[in-house]
There are 2 protein chains.
Amino acid sequence: MSAAEETPGGEDMPWGEVTPEAARRLLVAAVEAFAERGYHATTTRDIAGRAGMSPAALYIHYKTKEELLHRISRIGHDKALEILRAAAAGDGTAAERLADAVRSFVRWHAERHTTARVVQYELDALGPEHRAEIVELRRRSDATVRGIIDEGVAAGEFEVPDVAGTTVAVLSLCIDVSRWFNVQGRRSPDEVGALYADLVLRMVGAQK
Amino acid sequence: MSAAEETPGGEDMPWGEVTPEAARRLLVAAVEAFAERGYHATTTRDIAGRAGMSPAALYIHYKTKEELLHRISRIGHDKALEILRAAAAGDGTAAERLADAVRSFVRWHAERHTTARVVQYELDALGPEHRAEIVELRRRSDATVRGIIDEGVAAGEFEVPDVAGTTVAVLSLCIDVSRWFNVQGRRSPDEVGALYADLVLRMVGAQK
DNA sequence: TCCGCCTCTAAGCGCTTGCTCACCCTCGTT
DNA sequence: AACGAGGGTGAGCAAGCGCTTAGAGGCGGA
(Lines give C-alpha, C1' and ligand atoms only; values in the text may rest on other atoms or scores of the structure.)
Protein backbone atom coordinates (compact mmCIF):
# COMPACT_ATOMS: atom_id res chain seq x y z
CA MET A 1 0.00 0.00 0.00
CA SER A 2 1.44 3.38 -0.96
CA ALA A 3 2.13 6.05 1.62
CA ALA A 4 -0.24 8.42 -0.20
CA GLU A 5 -3.15 6.30 0.98
CA GLU A 6 -2.43 6.91 4.64
CA THR A 7 -2.46 10.03 6.74
CA PRO A 8 0.26 10.48 9.38
CA GLY A 9 -2.32 9.30 11.91
CA GLY A 10 -2.46 5.93 10.19
CA GLU A 11 -6.13 5.93 9.20
CA ASP A 12 -6.39 5.26 5.49
CA MET A 13 -7.53 8.02 3.18
CA PRO A 14 -9.94 6.94 0.47
CA TRP A 15 -8.95 7.89 -3.08
CA GLY A 16 -5.53 8.85 -1.78
CA GLU A 17 -3.94 7.28 -4.85
CA VAL A 18 -5.78 9.60 -7.24
CA THR A 19 -3.68 12.58 -8.28
CA PRO A 20 -3.53 15.45 -9.01
CA GLU A 21 -5.85 16.92 -6.45
CA ALA A 22 -8.29 18.30 -9.03
CA ALA A 23 -8.71 14.83 -10.50
CA ARG A 24 -9.46 13.47 -7.04
CA ARG A 25 -12.01 16.18 -6.33
CA LEU A 26 -13.78 15.36 -9.58
CA LEU A 27 -13.72 11.66 -8.78
CA VAL A 28 -15.14 12.15 -5.30
CA ALA A 29 -17.85 14.38 -6.75
CA ALA A 30 -18.65 11.71 -9.33
CA VAL A 31 -18.95 9.00 -6.67
CA GLU A 32 -21.46 11.11 -4.75
CA ALA A 33 -23.47 11.96 -7.83
CA PHE A 34 -23.47 8.41 -9.23
CA ALA A 35 -24.50 6.98 -5.86
CA GLU A 36 -27.36 9.45 -5.46
CA ARG A 37 -28.83 9.46 -8.94
CA GLY A 38 -27.16 6.68 -10.88
CA TYR A 39 -24.61 6.92 -13.66
CA HIS A 40 -26.97 7.68 -16.52
CA ALA A 41 -28.96 10.28 -14.60
CA THR A 42 -25.80 12.15 -13.64
CA THR A 43 -24.56 14.89 -15.96
CA THR A 44 -20.97 15.93 -16.46
CA ARG A 45 -22.09 19.45 -15.52
CA ASP A 46 -23.34 18.12 -12.18
CA ILE A 47 -20.04 16.40 -11.43
CA ALA A 48 -17.96 19.44 -12.38
CA GLY A 49 -20.27 21.70 -10.38
CA ARG A 50 -19.90 19.59 -7.22
CA ALA A 51 -16.13 19.78 -7.63
CA GLY A 52 -16.34 23.56 -8.03
CA MET A 53 -15.14 23.52 -11.62
CA SER A 54 -16.43 24.23 -15.08
CA PRO A 55 -17.78 21.36 -17.20
CA ALA A 56 -14.75 21.42 -19.47
CA ALA A 57 -12.33 20.83 -16.58
CA LEU A 58 -13.52 17.23 -16.34
CA TYR A 59 -12.09 16.42 -19.76
CA ILE A 60 -8.60 17.54 -18.83
CA HIS A 61 -8.35 14.68 -16.35
CA TYR A 62 -10.66 12.07 -17.86
CA LYS A 63 -11.27 11.26 -21.49
CA THR A 64 -14.96 10.45 -21.00
CA LYS A 65 -17.59 10.15 -18.31
CA GLU A 66 -17.29 6.38 -18.65
CA GLU A 67 -13.59 6.53 -17.81
CA LEU A 68 -14.50 8.19 -14.53
CA LEU A 69 -16.84 5.33 -13.72
CA HIS A 70 -14.20 2.81 -14.65
CA ARG A 71 -11.59 4.40 -12.37
CA ILE A 72 -14.05 4.39 -9.48
CA SER A 73 -15.08 0.82 -10.16
CA ARG A 74 -11.52 -0.41 -10.53
CA ILE A 75 -10.24 1.16 -7.33
CA GLY A 76 -13.31 0.01 -5.42
CA HIS A 77 -13.07 -3.57 -6.60
CA ASP A 78 -9.35 -3.66 -5.85
CA LYS A 79 -10.08 -2.53 -2.31
CA ALA A 80 -12.88 -5.06 -1.87
CA LEU A 81 -10.71 -7.90 -3.09
CA GLU A 82 -7.86 -6.77 -0.84
CA ILE A 83 -10.18 -6.87 2.17
CA LEU A 84 -11.34 -10.40 1.41
CA ARG A 85 -7.84 -11.69 0.73
CA ALA A 86 -6.47 -10.18 3.92
CA ALA A 87 -9.10 -12.02 5.91
CA ALA A 88 -8.61 -15.25 3.99
CA ALA A 89 -4.85 -15.14 4.62
CA GLY A 90 -5.28 -14.85 8.38
CA ASP A 91 -4.11 -17.65 10.63
CA GLY A 92 -7.24 -18.60 12.56
CA THR A 93 -9.67 -21.43 11.93
CA ALA A 94 -11.82 -21.34 8.80
CA ALA A 95 -14.73 -20.09 10.92
CA GLU A 96 -12.65 -17.26 12.32
CA ARG A 97 -11.39 -16.28 8.90
CA LEU A 98 -14.86 -16.44 7.33
CA ALA A 99 -16.32 -14.34 10.12
CA ASP A 100 -13.46 -11.89 9.73
CA ALA A 101 -13.98 -11.68 5.98
CA VAL A 102 -17.71 -11.05 6.30
CA ARG A 103 -17.25 -8.58 9.13
CA SER A 104 -14.73 -6.41 7.29
CA PHE A 105 -16.39 -6.78 3.89
CA VAL A 106 -19.77 -5.73 5.29
CA ARG A 107 -18.21 -2.91 7.27
CA TRP A 108 -16.70 -1.55 4.08
CA HIS A 109 -20.02 -1.78 2.22
CA ALA A 110 -21.77 0.06 5.06
CA GLU A 111 -19.17 2.68 5.90
CA ARG A 112 -18.41 3.51 2.29
CA HIS A 113 -21.84 2.71 0.98
CA THR A 114 -21.90 5.51 -1.59
CA THR A 115 -18.75 4.16 -3.20
CA ALA A 116 -19.94 0.58 -2.87
CA ARG A 117 -23.27 1.39 -4.48
CA VAL A 118 -21.52 2.74 -7.56
CA VAL A 119 -19.03 -0.09 -7.62
CA GLN A 120 -21.61 -2.85 -7.25
CA TYR A 121 -24.64 -1.58 -9.13
CA GLU A 122 -23.38 0.56 -12.02
CA LEU A 123 -21.36 -2.22 -13.63
CA ASP A 124 -23.60 -2.39 -16.69
CA ALA A 125 -22.81 1.21 -17.60
CA LEU A 126 -19.20 0.28 -18.33
CA GLY A 127 -18.04 -0.41 -21.85
CA PRO A 128 -17.44 -4.05 -22.85
CA GLU A 129 -13.70 -4.31 -22.18
CA HIS A 130 -13.82 -2.29 -18.98
CA ARG A 131 -16.67 -4.47 -17.79
CA ALA A 132 -14.72 -7.62 -18.59
CA GLU A 133 -11.82 -6.38 -16.48
CA ILE A 134 -14.10 -5.74 -13.51
CA VAL A 135 -15.95 -9.03 -13.87
CA GLU A 136 -12.60 -10.79 -13.58
CA LEU A 137 -11.95 -9.04 -10.25
CA ARG A 138 -15.33 -10.21 -9.01
CA ARG A 139 -14.52 -13.76 -10.01
CA ARG A 140 -11.47 -13.55 -7.77
CA SER A 141 -13.55 -12.29 -4.84
CA ASP A 142 -15.86 -15.23 -5.34
CA ALA A 143 -12.90 -17.63 -5.45
CA THR A 144 -11.46 -16.18 -2.24
CA VAL A 145 -14.66 -16.71 -0.26
CA ARG A 146 -15.22 -20.12 -1.77
CA GLY A 147 -11.69 -21.05 -0.71
CA ILE A 148 -12.39 -20.32 2.94
CA ILE A 149 -15.62 -22.31 2.85
CA ASP A 150 -13.90 -25.22 1.12
CA GLU A 151 -11.24 -25.30 3.81
CA GLY A 152 -13.88 -25.20 6.54
CA VAL A 153 -15.67 -28.13 4.98
CA ALA A 154 -12.42 -30.09 4.55
CA ALA A 155 -11.50 -29.44 8.18
CA GLY A 156 -14.92 -30.62 9.32
CA GLU A 157 -15.74 -27.20 10.75
CA PHE A 158 -18.59 -26.49 8.31
CA GLU A 159 -21.45 -28.53 6.99
CA VAL A 160 -22.35 -27.15 3.55
CA PRO A 161 -24.24 -29.22 0.96
CA ASP A 162 -23.76 -26.66 -1.85
CA VAL A 163 -20.50 -24.72 -1.59
CA ALA A 164 -20.86 -22.77 -4.86
CA GLY A 165 -24.42 -21.72 -4.10
CA THR A 166 -23.62 -20.79 -0.53
CA THR A 167 -20.67 -18.69 -1.71
CA VAL A 168 -22.92 -16.73 -4.06
CA ALA A 169 -25.43 -16.22 -1.27
CA VAL A 170 -22.80 -14.99 1.20
CA LEU A 171 -21.34 -12.48 -1.23
CA SER A 172 -24.80 -11.37 -2.37
CA LEU A 173 -25.83 -10.79 1.23
CA CYS A 174 -22.78 -8.63 1.93
CA ILE A 175 -22.96 -6.65 -1.30
CA ASP A 176 -26.62 -5.80 -0.85
CA VAL A 177 -25.77 -4.00 2.38
CA SER A 178 -24.65 -1.05 0.27
CA ARG A 179 -28.15 -0.77 -1.20
CA TRP A 180 -30.14 -0.58 2.02
CA PHE A 181 -27.62 0.80 4.51
CA ASN A 182 -28.53 4.24 5.77
CA VAL A 183 -26.24 6.47 7.78
CA GLN A 184 -29.20 7.78 9.78
CA GLY A 185 -30.36 4.21 10.50
CA ARG A 186 -30.19 2.51 13.85
CA ARG A 187 -27.19 0.33 13.17
CA SER A 188 -23.51 1.22 12.90
CA PRO A 189 -21.34 -0.46 10.26
CA ASP A 190 -19.67 -2.43 13.06
CA GLU A 191 -22.98 -3.73 14.34
CA VAL A 192 -24.14 -4.81 10.89
CA GLY A 193 -20.78 -6.50 10.34
CA ALA A 194 -21.08 -8.44 13.61
CA LEU A 195 -24.68 -9.45 12.89
CA TYR A 196 -23.83 -10.63 9.39
CA ALA A 197 -20.76 -12.55 10.50
CA ASP A 198 -22.97 -14.45 12.92
CA LEU A 199 -25.63 -15.12 10.28
CA VAL A 200 -23.04 -16.41 7.81
CA LEU A 201 -21.52 -18.78 10.37
CA ARG A 202 -25.00 -20.20 10.85
CA MET A 203 -25.43 -20.55 7.09
CA VAL A 204 -22.34 -22.73 6.84
CA GLY A 205 -23.31 -24.78 9.87
CA ALA A 206 -20.30 -23.83 11.96
CA GLN A 207 -20.67 -25.20 15.46
CA LYS A 208 -20.54 -22.34 17.92
CA MET B 1 -57.23 -12.44 -8.16
CA SER B 2 -59.10 -11.33 -11.27
CA ALA B 3 -59.92 -13.78 -14.02
CA ALA B 4 -58.01 -11.62 -16.50
CA GLU B 5 -54.78 -12.70 -14.86
CA GLU B 6 -55.32 -16.35 -15.67
CA THR B 7 -55.45 -18.17 -18.95
CA PRO B 8 -58.05 -20.91 -19.40
CA GLY B 9 -55.26 -23.37 -18.65
CA GLY B 10 -54.89 -21.96 -15.16
CA GLU B 11 -51.29 -20.74 -15.40
CA ASP B 12 -51.16 -17.09 -14.44
CA MET B 13 -50.43 -14.54 -17.13
CA PRO B 14 -48.14 -11.71 -16.09
CA TRP B 15 -49.47 -8.22 -16.77
CA GLY B 16 -52.86 -9.71 -17.53
CA GLU B 17 -54.53 -6.87 -15.68
CA VAL B 18 -53.08 -4.25 -18.01
CA THR B 19 -55.48 -3.21 -20.75
CA PRO B 20 -55.93 -2.37 -23.56
CA GLU B 21 -53.56 -4.68 -25.34
CA ALA B 22 -51.43 -1.88 -26.79
CA ALA B 23 -50.83 -0.53 -23.30
CA ARG B 24 -49.73 -3.99 -22.18
CA ARG B 25 -47.36 -4.38 -25.10
CA LEU B 26 -45.79 -1.04 -24.26
CA LEU B 27 -45.47 -2.01 -20.61
CA VAL B 28 -43.85 -5.34 -21.38
CA ALA B 29 -41.44 -3.59 -23.74
CA ALA B 30 -40.62 -1.08 -21.01
CA VAL B 31 -39.89 -3.83 -18.48
CA GLU B 32 -37.43 -5.45 -20.85
CA ALA B 33 -35.73 -2.19 -21.71
CA PHE B 34 -35.55 -0.95 -18.10
CA ALA B 35 -34.15 -4.28 -16.93
CA GLU B 36 -31.48 -4.35 -19.64
CA ARG B 37 -30.29 -0.78 -19.57
CA GLY B 38 -31.88 0.90 -16.57
CA TYR B 39 -34.63 3.48 -16.45
CA HIS B 40 -32.55 6.53 -17.25
CA ALA B 41 -30.65 4.92 -20.10
CA THR B 42 -33.87 3.79 -21.78
CA THR B 43 -35.48 6.14 -24.28
CA THR B 44 -39.18 6.40 -25.04
CA ARG B 45 -38.27 5.71 -28.66
CA ASP B 46 -36.69 2.41 -27.60
CA ILE B 47 -39.77 1.34 -25.68
CA ALA B 48 -42.14 2.25 -28.49
CA GLY B 49 -39.87 0.54 -31.02
CA ARG B 50 -39.84 -2.74 -29.07
CA ALA B 51 -43.63 -2.61 -28.94
CA GLY B 52 -43.76 -2.03 -32.70
CA MET B 53 -45.18 1.46 -32.41
CA SER B 54 -44.23 5.04 -33.06
CA PRO B 55 -42.80 7.13 -30.21
CA ALA B 56 -46.00 9.16 -29.97
CA ALA B 57 -48.14 6.08 -29.30
CA LEU B 58 -46.68 5.77 -25.83
CA TYR B 59 -48.29 9.02 -24.74
CA ILE B 60 -51.78 7.87 -25.64
CA HIS B 61 -51.62 5.28 -22.87
CA TYR B 62 -49.22 6.84 -20.35
CA LYS B 63 -48.81 10.45 -19.37
CA THR B 64 -45.04 10.21 -18.88
CA LYS B 65 -42.21 7.71 -18.91
CA GLU B 66 -42.22 7.86 -15.12
CA GLU B 67 -45.86 6.75 -15.02
CA LEU B 68 -44.85 3.63 -16.91
CA LEU B 69 -42.21 2.86 -14.29
CA HIS B 70 -44.70 3.48 -11.52
CA ARG B 71 -47.25 1.10 -13.01
CA ILE B 72 -44.60 -1.61 -13.34
CA SER B 73 -43.31 -1.02 -9.83
CA ARG B 74 -46.79 -0.97 -8.31
CA ILE B 75 -47.96 -4.20 -9.94
CA GLY B 76 -44.66 -5.92 -9.13
CA HIS B 77 -44.69 -4.92 -5.49
CA ASP B 78 -48.32 -5.96 -5.14
CA LYS B 79 -47.41 -9.37 -6.49
CA ALA B 80 -44.37 -9.70 -4.22
CA LEU B 81 -46.40 -8.79 -1.15
CA GLU B 82 -49.14 -11.22 -2.18
CA ILE B 83 -46.59 -14.04 -2.41
CA LEU B 84 -45.20 -13.35 1.06
CA ARG B 85 -48.63 -12.99 2.63
CA ALA B 86 -49.88 -16.22 1.08
CA ALA B 87 -46.94 -18.07 2.60
CA ALA B 88 -47.33 -16.34 5.96
CA ALA B 89 -51.01 -17.25 6.11
CA GLY B 90 -50.33 -20.96 5.60
CA ASP B 91 -51.08 -23.40 8.35
CA GLY B 92 -47.77 -25.13 8.99
CA THR B 93 -45.17 -24.42 11.63
CA ALA B 94 -43.27 -21.15 11.54
CA ALA B 95 -40.32 -22.97 9.97
CA GLU B 96 -42.51 -24.41 7.23
CA ARG B 97 -44.09 -21.03 6.53
CA LEU B 98 -40.75 -19.22 6.51
CA ALA B 99 -39.26 -21.78 4.14
CA ASP B 100 -42.34 -21.52 1.95
CA ALA B 101 -42.12 -17.72 1.89
CA VAL B 102 -38.44 -17.72 0.96
CA ARG B 103 -38.87 -20.46 -1.62
CA SER B 104 -41.71 -18.75 -3.49
CA PHE B 105 -40.29 -15.24 -3.07
CA VAL B 106 -36.92 -16.33 -4.45
CA ARG B 107 -38.54 -18.29 -7.24
CA TRP B 108 -40.40 -15.17 -8.32
CA HIS B 109 -37.23 -13.07 -8.24
CA ALA B 110 -35.42 -15.67 -10.36
CA GLU B 111 -38.16 -16.60 -12.81
CA ARG B 112 -39.27 -13.04 -13.40
CA HIS B 113 -35.89 -11.47 -12.79
CA THR B 114 -36.27 -8.81 -15.47
CA THR B 115 -39.40 -7.53 -13.79
CA ALA B 116 -37.90 -7.91 -10.34
CA ARG B 117 -34.79 -6.00 -11.31
CA VAL B 118 -36.87 -3.03 -12.37
CA VAL B 119 -39.12 -3.28 -9.35
CA GLN B 120 -36.30 -3.58 -6.83
CA TYR B 121 -33.53 -1.41 -8.24
CA GLU B 122 -35.19 1.46 -10.12
CA LEU B 123 -37.08 2.78 -7.12
CA ASP B 124 -35.08 5.99 -6.97
CA ALA B 125 -36.21 7.00 -10.43
CA LEU B 126 -39.78 7.40 -9.20
CA GLY B 127 -41.14 10.81 -8.24
CA PRO B 128 -41.50 11.57 -4.51
CA GLU B 129 -45.16 10.62 -3.99
CA HIS B 130 -44.96 7.53 -6.18
CA ARG B 131 -41.86 6.46 -4.30
CA ALA B 132 -43.61 6.96 -0.96
CA GLU B 133 -46.43 4.69 -2.09
CA ILE B 134 -44.00 1.94 -3.05
CA VAL B 135 -41.92 2.31 0.11
CA GLU B 136 -45.07 1.67 2.11
CA LEU B 137 -45.61 -1.61 0.26
CA ARG B 138 -42.05 -2.65 1.09
CA ARG B 139 -42.66 -1.86 4.73
CA ARG B 140 -45.52 -4.33 4.65
CA SER B 141 -43.35 -7.03 3.08
CA ASP B 142 -40.84 -6.48 5.86
CA ALA B 143 -43.59 -6.72 8.49
CA THR B 144 -44.88 -9.96 6.99
CA VAL B 145 -41.52 -11.70 7.17
CA ARG B 146 -40.79 -10.31 10.60
CA GLY B 147 -44.16 -11.68 11.74
CA ILE B 148 -43.24 -15.22 10.78
CA ILE B 149 -39.87 -14.97 12.51
CA ASP B 150 -41.48 -13.50 15.64
CA GLU B 151 -43.89 -16.41 15.79
CA GLY B 152 -41.09 -18.91 15.35
CA VAL B 153 -39.17 -17.34 18.21
CA ALA B 154 -42.27 -17.26 20.43
CA ALA B 155 -42.95 -20.92 19.67
CA GLY B 156 -39.38 -21.83 20.52
CA GLU B 157 -38.75 -23.04 16.97
CA PHE B 158 -36.17 -20.36 16.18
CA GLU B 159 -33.26 -18.92 18.06
CA VAL B 160 -32.74 -15.35 16.79
CA PRO B 161 -30.90 -12.71 18.82
CA ASP B 162 -31.81 -9.84 16.48
CA VAL B 163 -35.18 -10.26 14.77
CA ALA B 164 -35.22 -6.89 12.98
CA GLY B 165 -31.72 -7.32 11.61
CA THR B 166 -32.31 -10.89 10.56
CA THR B 167 -35.50 -9.88 8.75
CA VAL B 168 -33.61 -7.26 6.77
CA ALA B 169 -30.94 -9.81 5.90
CA VAL B 170 -33.46 -12.42 4.75
CA LEU B 171 -35.30 -10.00 2.48
CA SER B 172 -32.05 -8.56 1.20
CA LEU B 173 -30.78 -12.02 0.33
CA CYS B 174 -33.95 -12.86 -1.62
CA ILE B 175 -34.18 -9.53 -3.44
CA ASP B 176 -30.58 -9.65 -4.58
CA VAL B 177 -31.31 -12.86 -6.49
CA SER B 178 -32.84 -10.72 -9.22
CA ARG B 179 -29.50 -8.96 -9.68
CA TRP B 180 -27.27 -11.99 -10.22
CA PHE B 181 -29.69 -14.61 -11.51
CA ASN B 182 -28.97 -15.64 -15.08
CA VAL B 183 -31.25 -17.73 -17.23
CA GLN B 184 -28.24 -19.41 -18.82
CA GLY B 185 -26.77 -20.17 -15.41
CA ARG B 186 -26.54 -23.61 -13.87
CA ARG B 187 -29.40 -23.29 -11.44
CA SER B 188 -33.15 -23.26 -12.04
CA PRO B 189 -35.39 -20.91 -10.07
CA ASP B 190 -36.68 -23.91 -8.12
CA GLU B 191 -33.18 -24.97 -7.14
CA VAL B 192 -32.21 -21.50 -5.98
CA GLY B 193 -35.46 -21.30 -4.02
CA ALA B 194 -34.74 -24.60 -2.27
CA LEU B 195 -31.14 -23.65 -1.50
CA TYR B 196 -32.15 -20.29 -0.09
CA ALA B 197 -34.98 -21.73 2.01
CA ASP B 198 -32.43 -24.05 3.61
CA LEU B 199 -29.94 -21.24 4.20
CA VAL B 200 -32.59 -19.04 5.81
CA LEU B 201 -33.72 -21.81 8.15
CA ARG B 202 -30.11 -22.09 9.28
CA MET B 203 -29.95 -18.32 9.78
CA VAL B 204 -32.86 -18.41 12.20
CA GLY B 205 -31.48 -21.43 14.01
CA ALA B 206 -34.39 -23.73 13.19
CA GLN B 207 -33.61 -27.26 14.35
CA LYS B 208 -33.77 -29.57 11.38
C1' DT C 1 11.91 39.10 -18.52
C1' DC C 2 10.39 35.92 -21.41
C1' DC C 3 9.03 31.45 -22.63
C1' DG C 4 6.66 27.00 -22.65
C1' DC C 5 3.72 24.20 -20.04
C1' DC C 6 -0.22 23.01 -17.64
C1' DT C 7 -4.80 23.95 -15.72
C1' DC C 8 -9.00 25.81 -16.27
C1' DT C 9 -12.90 28.65 -18.45
C1' DA C 10 -16.54 30.65 -21.72
C1' DA C 11 -18.87 29.55 -25.41
C1' DG C 12 -20.94 26.57 -28.15
C1' DC C 13 -21.47 22.39 -31.59
C1' DG C 14 -24.00 18.47 -33.02
C1' DC C 15 -27.06 15.40 -31.34
C1' DT C 16 -30.61 13.13 -28.54
C1' DT C 17 -34.04 13.52 -25.24
C1' DG C 18 -39.07 13.58 -23.41
C1' DC C 19 -42.97 15.10 -25.13
C1' DT C 20 -46.63 17.60 -28.40
C1' DC C 21 -49.54 18.57 -32.26
C1' DA C 22 -52.09 18.34 -36.44
C1' DC C 23 -53.87 14.98 -38.90
C1' DC C 24 -55.35 10.09 -40.58
C1' DC C 25 -57.34 5.60 -40.47
C1' DT C 26 -60.54 2.11 -38.69
C1' DC C 27 -64.30 1.05 -36.45
C1' DG C 28 -69.47 0.23 -34.63
C1' DT C 29 -73.66 2.81 -34.85
C1' DT C 30 -77.42 5.23 -37.04
C1' DA D 1 -73.71 6.76 -46.63
C1' DA D 2 -72.51 9.64 -42.98
C1' DC D 3 -70.71 10.14 -38.46
C1' DG D 4 -68.13 10.37 -34.02
C1' DA D 5 -64.75 8.38 -31.16
C1' DG D 6 -60.54 6.82 -30.19
C1' DG D 7 -55.99 4.58 -31.32
C1' DG D 8 -52.34 5.58 -34.20
C1' DT D 9 -48.60 8.39 -37.04
C1' DG D 10 -44.87 11.86 -39.02
C1' DA D 11 -42.79 15.73 -38.09
C1' DG D 12 -40.81 18.56 -34.99
C1' DC D 13 -40.02 21.69 -30.68
C1' DA D 14 -37.50 23.24 -26.64
C1' DA D 15 -34.27 21.68 -23.58
C1' DG D 16 -30.49 19.28 -22.13
C1' DC D 17 -26.83 16.08 -23.21
C1' DG D 18 -21.51 14.69 -23.79
C1' DC D 19 -17.84 16.70 -25.45
C1' DT D 20 -14.62 20.30 -28.09
C1' DT D 21 -12.14 24.42 -28.95
C1' DA D 22 -9.88 28.94 -28.53
C1' DG D 23 -7.87 31.35 -25.43
C1' DA D 24 -6.93 33.30 -20.51
C1' DG D 25 -4.21 32.88 -16.35
C1' DG D 26 -0.51 31.26 -13.27
C1' DC D 27 3.92 29.19 -12.44
C1' DG D 28 8.84 27.29 -12.72
C1' DG D 29 13.17 27.42 -15.27
C1' DA D 30 16.48 29.87 -18.45
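Chain letters run A, B, ... following the sequence lines, proteins first and then strands; every chain starts at 1. For the numbers below, each heavy atom of this structure counts, side chains included, while hydrogens, waters and symmetry mates do not.
Ring geometry for B:Trp180 against B:Tyr196 counts as tilted: the plane angle lies between 30° and 60°, on a 0 to 90° scale.
Between the side chains of B:Glu67 and B:His130, no donor-acceptor pair of N or O atoms lies under 3.5 Å. Side-chain contact, A:Glu133 with A:His77: no donor N or O sits under 3.5 Å from an acceptor N or O. There is no side-chain donor-acceptor pair under 3.5 Å between A:Glu122 and A:His40.
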- Do B:Asp142 and B:Arg138 pass the salt bridge (Lys or Arg N to Asp or Glu O under 4.0 Å) test, and can you show the C-alpha distance, the side-chain angles, and the key distance before you say yes or no? CA-CA 6 Å; B:Asp142 187 280; B:Arg138 294 169 85 104; over 6 Å; no
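B:Thr43 comes within 4.0 angstrom of sugar-phosphate atoms only, judged by non-hydrogen atoms across all strands, and of no base.
Checking side-chain atoms of B:Arg117 against main-chain N and O of B:Ser178 turns up a donor-acceptor pair under 3.5 Å.
What separates CG of B:Leu58 from P of D:dG7 is a distance of 14 Å, to the nearest Å. Atom OH of B:Tyr59 and atom C1' of D:dC13 are 13 Å apart (whole Å). Here the P atom of nucleotide D:dG7 and the OH atom of B:Tyr62 are 12 Å apart, to the nearest Å. As a whole-Å value, the separation of A:Leu68 CG from D:dC19 P is 10 Å. Distance, B:His61 NE2 to D:dT9 C1': 13 Å, rounded to whole Å. At whole-Å resolution of the value, CD1 in B:Ile60 and P in D:dG10 are 12 Å apart.
Here the range on DNA chain C touched by chain A, meaning any atom under 4.0 Å from one of its heavy atoms, is C:dC8 to C:dG12.
Of the residues near DNA chain C, A:Gly52 and A:Arg45, the one whose nearest nucleotide (by heavy atom distance) lies more toward the 5' end is A:Gly52.
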